[in-house]
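Predicted model only: the values in this text are computed from it and were never measured. Quick note on labels: first sequence line is chain A, next is B, and so on, each numbered from 1.
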Amino acid sequence: MLIYIYLIAITAEAMSGALAAGRRNMDMFGVAMIAFITALGGGTVRDMLLGNFPVGWTQHPSYIYLTIGAGLFTMLVARFMHHLYKVFLILDAMGLIAFTVIGCNVALQLDYSPPVIVMAGMITGIFGGILRDILCQRVPVVLRHELYASVSMLVAMLYLTLHDMGVDQDITLLASFGFGLALRLAAIRWSWSLPVFSYQPGRWE
Amino acid sequence: MLIYIYLIAITAEAMSGALAAGRRNMDMFGVAMIAFITALGGGTVRDMLLGNFPVGWTQHPSYIYLTIGAGLFTMLVARFMHHLYKVFLILDAMGLIAFTVIGCNVALQLDYSPPVIVMAGMITGIFGGILRDILCQRVPVVLRHELYASVSMLVAMLYLTLHDMGVDQDITLLASFGFGLALRLAAIRWSWSLPVFSYQPGRWE
Amino acid sequence: MLIYIYLIAITAEAMSGALAAGRRNMDMFGVAMIAFITALGGGTVRDMLLGNFPVGWTQHPSYIYLTIGAGLFTMLVARFMHHLYKVFLILDAMGLIAFTVIGCNVALQLDYSPPVIVMAGMITGIFGGILRDILCQRVPVVLRHELYASVSMLVAMLYLTLHDMGVDQDITLLASFGFGLALRLAAIRWSWSLPVFSYQPGRWE
């Protein structure tokens with residue numbers, strides 16, 4: 001089941017990347033590349049960081065075609081996408097959780113310690129979006145507001161805890177998705193956010 | 001022959017990096033570093049991504065000196081470089097093709113699949129420039145306009161096809177350079193470009 | 001002794017990252033992440049580049065907690081930190097030198113050649129700050145002015161020379177710190193800087 005959610009997730013992420021590229025008036029090639037990096041960049045950074053070679057997507061060429069295809073398709077349907085606003089938010093939330101769980105699994109199999117496993121989950125979840133924002137010259141949106149990265153962190157912690165307690169894998173997955181989706185959608189619905197740190201530079205910077 | 005073109009290519013790329021650094025008023029050190037990263041960053045990202053350690057330039061210290069030297073030299077001759085405008089464009093095009101072919105070769109030797117080989121060629125060809133633009137705070141120019149990255153992609157595909165057909169290596173190289181140079185220079189001459197995607201964000205972003 | 005200086009160094013770097021995040025009005029999560037990346041990003045890039053897996057901090061979860069803790073702590077005390085201006089500059093200079101020496105050691109143990117060892121020291125010393133500046137949308141400050149990266153380079157060269165001459169490790173460390181601190185503080189005191197390269201783009205860019 002996780003693989004289907006993953007395929008939906010990389011498609012949704014690729015589309016979000018394509019829209020960001022469109023805001024910067026990129027050409028077809030730029031759109032395809034930002035779509036690819038947004039969708040698969042988080043897992044790539046995780047694999048490179050953990051020394052987990054070969055990197056995931058290099059063994060699955062279909063992921064390359066899927067994300068590039070989704071990016072180019074977005075060029076055609078972008079004008080209608082605001083009608084799908086809410087669907088998109090739910091797909092994006094599911095993608096965040098799927099990425100997080102998959103990232104935790106990779107680090108688990110490589111026998112990393114719990115804090116590194118949680119970070120591997122978070123990196124998989126949020127780094128695609130961070131790379132997208134760097135390439136599109138924006139301060140990464142996940143670092144600025146909204147309960148997004150925090151959802152990834154809490155899902156990773158919950159997943160790891162249930163896993164260590166020996167809970168059945170299906171129940172663990174279901175609990176992670178249920179909790180993560182509820183938290184993320186509640187955060188959007190009621191605009192939950194973390195305290196912001198505003199610092200005015202003094203003479204010494 | 002490829003090695004000589006490669007040395008010319010990293011020199012040309014280092015100079016383009018130095019000019020970008022000069023536009024941001026960087027100091028000598030920044031110029032040297034941007035020159036180095038522009039010239040050798042694409043190959044570095046490729047090697048780190050493919051798990052191909054040790055990374056190429058770490059085994060060839062002369063490449064470090066050459067690119068840093070070219071960057072610093074550019075500080076002295078920058079005011080005269082617009083006279084060399086056309087020479088520079090041709091060197092840059094040859095560099096793009098040499099980088100692409102070398103990137104394909106590395107992935108071929110590591111037994112990656114065709115789409116990954118093409119991507120390895122493209123990453124080698126364009127990622128140095130992308131890193132240069134990120135460090136100089138520009139939206140990467142290859143993602144925005146011009147047939148540049150696309151030339152790299154088509155050259156990689158041609159090279160891989162001829163290689164798989166068992167065509168003689170020299171002919172394959174000659175065909176790749178002939179086709180790539182012609183396409184790139186034609187794209188510059190007649191301002192060929194890909195369709196641009198312009199997206200105005202609605203309320204939901 | 002180096003380990004204590006290292007712990008002070010990553011704390012100081014994490015705090016500098018948190019202040020940069022505060023200037024961009026990031027939330028708690030962004031502050032923690034920028035603090036972490038500023039402190040440990042240089043070593044991470046070095047290890048990924050040299051193929052030195054597992055990456056350092058993944059084997060020391062306490063570094064994760066320390067840097068994130070220092071980042072969040074900075075949110076509380078930021079308003080008082082200008083009183084500690086000079087202390088902070090000294091800690092930062094010590095951090096730069098400690099990072100440089102540690103980076104050289106890692107490359108030495110992996111049998112890289114001298115120019116790569118010097119670059120490994122510099123990358124460890126300055127890349128955390130470069131990643132911080134990319135994520136906070138600034139042209140990296142080390143590339144623009146001040147004798148900062150150059151101090152790292154000279155310290156790395158001195159360290160490597162003394163090491164190759166077989167000088168006692170304690171004396172080598174002491175000499176590196178003495179020289180580096182003196183040079184860095186003199187550069188701040190008398191505003192030493194390198195020549196700047198300003199280039200106005202012509203029609204051909």
Side-chain angles (χ1 to χ4, degrees), chain A residues 44-53 55 106-107 110-120 122-123 125-127 129-131 133-154 187 191-205, chain C residues 16 18-37 40-41 44-45 47-49 51-65 68 71-72 74-89 131 134-138 141 188:
Chain A
T44 304
V45 171
R46 175 205 64 219
D47 284 344
M48 288 167 70
L49 182 67
L50 301 183
N52 183 39
F53 298 104
V55 166
V106 170
L110 295 168
D111 277 328
Y112 278 99
S113 62
V116 178
I117 294 169
V118 171
M119 293 207 70
M122 289 170 56
I123 287 169
I126 67 174
F127 244 83
I130 289 179
L131 291 176
D133 290 345
I134 290 175
L135 288 168
C136 295
Q137 282 239 308
R138 308 194 289 191
V139 172
V141 80
V142 300
L143 303 179
R144 273 196 311 179
H145 48 72
E146 269 194 63
L147 242 53
Y148 190 85
S150 326
V151 171
S152 174
M153 185 175 73
L154 294 173
S191 300
W192 290 349
S193 64
L194 291 172
V196 162
F197 175 38
S198 293
Y199 177 69
Q200 305 303 323
R203 65 171 253 273
W204 64 292
E205 200 269 330
Chain C
S16 96
L19 293 180
R23 262 172 242 126
R24 288 293 179 183
N25 305 314
M26 290 190 186
D27 68 13
M28 257 176 73
F29 185 89
V31 170
M33 191 164 137
I34 300 284
F36 172 78
I37 290 177
L40 300 175
T44 304
V45 170
D47 284 344
M48 288 167 70
L49 181 67
N52 183 37
F53 298 105
V55 166
W57 60 263
T58 63
Q59 308 304 300
H60 300 276
S62 58
Y63 295 174
I64 306 178
Y65 302 132
I68 289 178
L72 298 179
T74 306
M75 290 176 71
L76 300 176
V77 300
R79 71 186 62 190
F80 312 113
M81 282 184 69
H82 61 278
H83 295 304
L84 299 172
Y85 175 43
K86 287 180 186 170
V87 177
F88 202 80
L89 277 181
L131 292 176
I134 289 174
L135 289 168
C136 295
Q137 283 239 305
R138 308 194 288 190
V141 81
I188 294 171

- [ ] Can you tell which part of A/Ile117 gets under 4.5 Å to a heavy atom of chain C, answering side chain, backbone, both or neither?
- [x] neither
- [ ] Under 4.5 Å heavy-atom distance to chain C, tell me which part of A/Leu49 shows up: side chain, backbone, both or neither.
- [x] both
TODO: Using a 4.5 Å cut-off on heavy atoms from C-beta on, say whether the side chain of A/Val196 contacts that of C/Met28.
DONE: no
Open item on the list: Run the side-chain contact (heavy atoms from CB on, under 4.5 Å) test on A/Ile130 and C/Leu135 for me, step by step, so that the C-alpha distance in whole Å, both residues' side-chain angles and the decisive distance to 0.1 Å come before the verdict.
Closed with: CA-CA 8 Å; A/Ile130 289 179; C/Leu135 289 168; 3.7 Å; yes
Open item on the list: Does any backbone or side-chain atom of C/Thr44 lie under 4.5 Å from a heavy atom of chain A? Answer side chain, backbone, both or neither.
Closed with: side chain
TODO: Can you tell which part of C/Ile64 gets under 4.5 Å to a heavy atom of chain A, answering side chain, backbone, both or neither?
DONE: side chain
Task: Partners meeting side chain to side chain donor-acceptor pair (under 3.5 Å) with A/Ser113 (sequence neighbours left out) - done: none
Task: Winner by heavy-atom pair count (cut-off under 4.5 Å) against chain A, out of C/Met48, C/Arg79, C/Met75 - done: C/Met75
- [ ] Would you give the length of the straight line joining atom CD1 of C/Ile134 to atom CG of A/Asp133, rounded to the nearest 0.5 angstrom?
- [x] 13.5 Å
Task: Best-contacting candidate, A/Met153, A/Met119, A/Met122, against chain C by heavy atom pairs under 4.5 angstrom - done: A/Met119
Open item on the list: Determine whether the aromatic ring centres of residues C/Phe29 and A/Phe197 are separated by less than 6.0 angstrom.
Closed with: no
Task: For A/Phe127, ring pair (Phe, Tyr, Trp, His ring centres under 6.0 Å) partners two or more places apart - done: none
- [ ] State which residue, out of C/Arg23, C/Met26, C/Arg24, fulfils the side chain to side chain contact (heavy atoms under 4.5 Å, CB included) condition with A/Tyr199.
- [x] C/Arg23
- [ ] Report the C-alpha distance between A/Ile126 and C/Met33 in whole Å, list the side-chain angles of each, state the deciding distance to 0.1 Å, and finish with yes or no for side-chain contact (heavy atoms from CB on, under 4.5 Å).
- [x] CA-CA 12 Å; A/Ile126 67 174; C/Met33 191 164 137; 3.9 Å; yes
